[in-house]
Amino acid sequence: MALKNKETVTYRSQSSREYPHVEWLELYEDGKMYECAVLKQDASGNVFFFEVNSLDNIDRMRLAQLLSDRNANSFELWDLMSQRTLGNGINALAYFHQLVKVLTPNGKVMDPRPGVMGIMPTGMVDTKAPAA
C-alpha cells in the first residue's frame with residue numbers, strides 16, 4: 001500500500017517489497033526510517049501505524065499471517081484486522097490497537113485521541129463531516 005499524498009508530507013516513506021501494508025517511515029526526524037505496519041491513512045493524510053520492531057516474535061508471526069492473507073491487497077489493514085481472530089482468541093484489531101500511533105503530514109508522531117488531528121503542511125482543512 002503506497003501512501004497517498006506523498007507530495008504534501010514532510011517525511012520520507014518507502015513501500016516494503018515483502019508485504020502489503022508495510023512502509024518504511026521517517027518517524028522522529030532523526031534521519032532513520034522505521035519498518036511500520038500501516039493500518040489506515042485518513043483524508044487529511046494522517047497515517048495510523050505501529051512499529052514492527054516493537055513486536056515480539058509471536059506478534060511478528062501473527063502480523064505476517066494477516067499480511068499473507070489472500071485478501072490483504074484488497075482491504076486496508078484496519079479492515080483485515082477487524083475481521084480476524086488471533087490464535088489467542090482476541091480480535092486482531094483489538095490486540096494491536098494498543099500499539100497504534102499517528103504520523104501527521106507534518107511528520108509528527110502522536111497518540112490517537114479525540115479532539116486532535118494532524119493537518120497538511122499548508123492550506124486549509126475542512127473539519128466538518130462530509131454530507132451524506
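The figures that follow rest on heavy atoms only: side chains count, while hydrogens, waters and symmetry mates do not.
Rounding to the nearest 0.5 Å places OH of Y95 at 4.5 Å from CZ of R62. E23 CD to S15 OG: the interatomic distance, rounded to the nearest 0.5 Å, is 3.5 Å. Summarising the geometry, atom CE belonging to M33 is positioned 6.5 Å from atom CG belonging to L25; distances are rounded to the nearest 0.5 Å. F75 CZ to D69 CG: the interatomic distance, rounded to the nearest 0.5 Å, is 9.0 Å. Rounded to the nearest 0.5 angstrom, L67 CG and R60 CZ are separated by 12.0 Å. The line from CG of N71 to CD of Q83 is 8.0 Å long, rounded to the nearest 0.5 Å.
Side-chain contact between L103 and L27: present, with at least one pair of heavy atoms (C-beta onward) separated by less than 4.5 Å. For the pair Y11/V47, a side-chain contact is recorded, criterion being any heavy-atom separation below 4.5 Å from C-beta on. Proximity of L39 to L93: side-chain heavy atoms (C-beta onward) are separated by under 4.5 Å at one or more points. Using a 4.5 Å heavy-atom threshold, the side chains of L63 and M81 count as touching. Under the 4.5 Å side-chain criterion, counting only non-hydrogen atoms from C-beta, L77 is not in contact with F48. Side-chain atoms of W78 and H97, non-hydrogen and from C-beta on, do get closer than 4.5 Å to each other.
Ring-plane geometry between Y34 and Y28 is classed as perpendicular, the angle between the planes exceeding 60 degrees on a 0 to 90 degree scale with a lower cut at 30.
Atom CD1 of I58 sits in a sparse spot, with 12 or fewer heavy atoms from other residues, nucleotides or ligands closer than 6.0 Å.
Here the closest heavy-atom approach between residue N91 and residue S82 is recorded as ND2-O, 2.9 Å. The shortest non-hydrogen separation linking R84 to Q65 is NH1-O, 4.1 Å. Considering every non-hydrogen atom in both L55 and F96, the closest pair reads CD2-CE2, 3.9 Å.
S44 places no side-chain N or O within 3.5 Å of a backbone atom of N46 that could act as its donor or acceptor partner. A donor-acceptor pair is defined here as one N or O able to donate and one able to accept, closer than 3.5 Å; such a pair exists between the side chain of D30 and the backbone of K32.
Using a 4.5 Å cut-off between side-chain heavy atoms of Ile, Leu, Val, Met, Phe, Trp and Tyr, with links allowed through other members, L80 and I90 fall into the same hydrophobic cluster. Tracing side-chain contacts under 4.5 Å through hydrophobic residues (I, L, V, M, F, W, Y), one never reaches V52 starting from W24; they form parts of separate clusters.
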